[in-house]
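Counting convention: from 1, in listed order, for ligands and their atoms alike.
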Amino acid sequence: MFSDDVRCLVVVGAQWGDEGKGKVVDVLAEQATIVARYQGGANAGHTVRVGEDEFILHLIPSGILYPEARCLLGNGVVIDPWTLAKEMAGLRERGIDLDGRIGISRRAHLVLPYHRTLDAAQERSRGSAKIGTTGRGIGPTYRDKIARTGLRVGDLKDLKRTRTIVSDGANRANVVLRGLKDEARVECDAVMSSIEEVRSMMLDLCADTGDEIRAELGVGGRVLLEGAQGAMLDVDHGTYPFVTSSTTTAGGAAVGVGIGPTAIDEVLGVVKAYITRVGAGPLPTELPEKEAERLRQLGGEFGATTGRPRRPGWFDGPVARYASGVNGLTALAITKLDVLDTFDAVKIATGYELDGAPVGAFPDSVEDLGAVVPVYETCSGWNADTTGCRTMGELPTAARQYLGRLEEASGTPIRIVGVGAARGATIRVSDAGIAAA
Ligand code: GDP
């Protein structure tokens, strides 16, 4: 995907997250000199398998598994310093050299203990109307950021300033907790002593990540911008309010690391060969429970961060087309094709209907999306093991035909196909495309 013409590449999830971005980023990171996260926080969970080892990364970009790549957390990321410390310790224990390889933006906001307390209390108070947040404090941290009351990494160098921000934040949190009739309370001193544990580590990691990326592109380096969650969870373009609190789509990559949109050469959207979502909200192609459980077991569809079972469905063409539009996708990576290996037939939603009439533009409210009826096309299954295939030509004809239909349904050329969790279980599609195989 990287080439002389493609030096800044964004990888985004083009469904509801959990598309297998971690592995795709890992495969592409081999050629990157910098891998950077631009939004979200430790609510993301990428799983990367290297040989027999499995790495679950919540904050640190998957590029860390290559010894050369520098890994950055841009200004758009919200950083839980204790999670970061744990993740770094875990990687070091497993022999990964981190020295000089991680940089965090001074402009990035910190997730503090009271953000987590608020997240959990607010979700509890929603009762049956839960959003399905991961309870990691991400939403409340972004709320503080937008309200201009957050604590940024760079603030840590000034303890007095840090205490003022934390004390105000703790007071506000307690007002909210009392309002929710929640018993939890926050103490400024306790938060400050927790901050003391991580302060010097955070200051040591500080970098001007935007400058660094711009400079790297200026000298011909290769920069991979790694999205978390997916387009349908974008705070503007997703299924609001069942969304995450950040801009997950490709435009957010420029803002979230500090480059201009014109610096981005390519946007790769990652989709599963089917679809899943976790948490509440509409999912038009959701499978009935018996079939859902089969796909869930075959695909290991349980959250990397929370272990929650995901809700599986058939590939949703309208979602893929919409995600392609709002991200400006230039290519698609299809993951987990192998999970469908044992199905006699596989379905694709090629459109939606509402009250018997075709739906044109993608619905912009959850009520409308919840009411649509998918129009399905049934493709024959291939009933063969694809995990050993490494070229398009080795895939069964029916699997190739299915991929061709996914390409048409999403209106975006497929460039990568995943047929297993391992790094090597990847097929590169030549520029000639699927049909040429
Ligand atoms: P992410 O957040 O988008 O990276 O998604 P996850 O971490 O939930 O990754 C999905 C899971 O699928 C991980 O366990 C991966 O190892 C696995 N995975 C990724 N690509 C493939 C694939 O092509 N086939 C199979 N069977 N598993 C895959």
Q. Any side-chain donor paired with an acceptor under 3.5 Å for His115 and Asp144?
A. yes
Q.
Just to be sure I read this right, does ligand 1 sit under 4.0 Å from the backbone of Lys23, its side chain, both, or neither, counting only heavy atoms?
A. side chain
Q. Closer than 4.0 angstrom: is that true for some heavy atom of Gly420 and an atom of ligand 1?
A. yes
(Q) Only heavy atoms of Gly418, strictly under 4.0 Å: list the atoms of ligand 1 that pass. (A) 23 (O)
Q: For ligand 1, find out whether one of its N or O atoms is nearer than 3.5 Å to an N or O atom of Gly20.
A: yes
Q) Any side-chain donor-acceptor pair under 3.5 Å between Arg294 and Thr342? A) yes
(Q) Check this for me - ligand 1, Glu54, N or O atoms closer than 3.5 angstrom, yes or no? (A) no
Q. How does Ile56 reach ligand 1, by side chain, by backbone, by both or by neither, if only non-hydrogen atoms under 4.0 Å count?
A. neither
Q. Can we call the ring centroids of Phe343 and Trp382 under 6.0 Å apart?
A. no
Q) Quick check: does Gly22 get an N/O under 3.5 Å from an N/O on ligand 1? A) yes
Q.
Using heavy atoms and a 4.0 Å limit, tell me yes or no: is Arg310 in contact with ligand 1?
A. yes
Q) Testing Val11, Val267, Ile259, Leu9 for side-chain contact (heavy atoms from CB on, under 4.5 Å) with Leu225, which one passes? A) Ile259
Q: With heavy atoms of Lys336 as the reference, note each atom of ligand 1 found under 4.0 Å away.
A: 11 (C), 12 (O), 17 (C), 18 (N), 21 (C), 22 (C), 23 (O), 24 (N), 25 (C), 27 (N), 28 (C)
Q) If we ignore angles and hydrogens, is there a donor and acceptor under 3.5 Å between the side chains of Tyr274 and Gln15? A) no
Q.
Is it true that, when you exclude Arg116 itself, more than 12 heavy atoms of the residues, nucleotides or ligands shown sit nearer than 6.0 Å to its CZ?
A. yes
Q) So which heavy atom on Gly41 is nearest to which on Leu59, and how close? A) C-CD2, 3.9 Å
